[in-house]
Amino acid sequence: MNELEPSALVNRYESTDDWRAVDEYFALTLLQEDGALIAARDAGVATTMPNAEVAANQGAFLKLLAQISGARRVLEFGTLAGYSTIWLARAVGEQGQVVTLELEPENAAIAEENFRAAGVAPRIETIIGPATESAERLINDGAEPFDLIFIDADKPNNPAYLAAALKLTNPGAVIVIDNVVRDGAVADATSADPRVQGVRRVTEDIAAHPELDATALQTVGEKGWDGLIIAWRH
Ligand code: DHB
Ligand code: MG
């Protein structure tokens with residue numbers, strides 16, 4: 001058996017080139033990322049947060065979660081160029097609906113163009129403004145409960161977004177939170193990064209909630225080292 005030096009192991013498994021190659025292999029082999037999705041991904045560079053959209057494999061994972069859970073109504077916190085929104089909109093089908101919350105009007109305009117190009121604009125509602133306020137309005141307006149909620153906006157507000165998500169779902173709903181690993185920083189309780197603290201606080205809120213079963217999956221790939229929390233409300 002070949003023995004690798006510890007330093008060689010570190011090099012081997014921290015190579016983002018390798019991670020990218022594997023993402024590319026599976027994306028090209030398994031996924032149906034069409035021109036509209038590719039255009040939406042490319043449009044991400046024109047938003048206020050270039051390259052922050054989920055990786056193709058993760059977009060497909062969100063679509064599968066929505067399909068497996070039979071989701072018809074999806075709520076997304078954080079639209080950017082609408083890349084993950086399109087995956088989710090395709091999952092819910094023609095009769096389904098995705099509501100997506102975006103702070104920046106210029107990002108929302110880019111996203112809406114991408115929704116039209118992808119043929120899913122009629123099933124997506126984009127609400128512009130601070131997501132806490134937009135979600136509060138949905139709650140006060142008595143919005144029909146959502147089946148799947150994807151939280152992928154500003155990380156310090158994760159606890160507020162979860163609290164809103166709990167008011168907008170019933171048992172059976174799925175809640176997914178993006179970017180919970182952050183190059184491993186999540187494990188540092190003393191981190192001064194408000195995004196890390198936002199992730200840790202929402203993790204503790206989920207753990208303390210009697211109706212939420214949850215786990216976290218670390219991911220590596222073209223987006224580096226990060227991960228997702230997946231929760232199910234029972
Ligand atoms: C950040 C946010 C995201 O949603 C993402 O996918 C990557 C990074 C961030 O806040 O740094
Ligand atoms: Mg994200």
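The residues of the chain are indexed from 1 along the displayed sequence. Only heavy atoms go into these numbers, but all of them, side chains included; no hydrogens, no water, no symmetry mates. Each ligand, and each atom within it, is numbered from 1 in the order the structure gives.
- At a threshold of 4.5 Å between non-hydrogen side-chain atoms, the residues Y25 and L30 do not count as touching.
- Atoms of ligand 1 lying under 4.0 Å from any heavy atom of K155, numbered from 1 in the order shown and given with element: 2 (C), 3 (C), 4 (O), 10 (O).
- The existence of a salt bridge linking D147 and R233 is excluded, since no basic side-chain nitrogen approaches an acidic carboxylate oxygen closer than 4.0 Å.
- Between the Mg ion (ligand 2) and the N, O or S atoms of D152, the shortest distance is to OD1.
- Residue side and main chain included, N179 places an N/O/S atom under 2.8 Å of the Mg ion (ligand 2).
- Residues N107 and T48 bring a donor and an acceptor atom of their side chains to less than 3.5 Å of each other.
- Contact atoms of ligand 1 toward D178: 6 (O) (distance under 4.0 Å to a heavy atom of the residue).
- Protein heavy atom at the shortest distance from atom 6 (O) of ligand 1 is A52 O, 2.5 Å.
- Minimum heavy-atom separation, I128 to L103: CG2-O, 3.8 Å.
- Residue D178 counts as close to the Mg ion (ligand 2), with an N, O or S atom under 2.8 Å.
- Residue contact check: R182 has heavy atoms under 4.0 Å from atoms 9 (C), 10 (O), 11 (O) of ligand 1.
- Ranking the protein heavy atoms by distance from atom 1 (C) of ligand 1 puts M49 CE, 3.9 Å first.
- At the top of the distance list for atom 8 (C) of ligand 1, counting protein heavy atoms only, stands N179 ND2, 4.2 Å.
- V176 places a side-chain heavy atom less than 4.5 Å from the side chain of L62.
- Taking every heavy atom of R195 and a limit of under 4.0 angstrom, the matching atoms of ligand 1 come to 11 (O).
- Each of T79, L80, D152, V74 was scored for a side-chain contact (heavy atoms from CB on, under 4.5 Å) with T85, with one residue passing: T79.
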| request: Begin with the C-alpha distance, continue with both residues' side-chain angles, and end with the deciding distance and a verdict on side chain to side chain contact (heavy atoms under 4.5 Å, CB included) for L138 and I127. | output: CA-CA 10 Å; L138 287 170; I127 304 178; 4.2 Å; yes
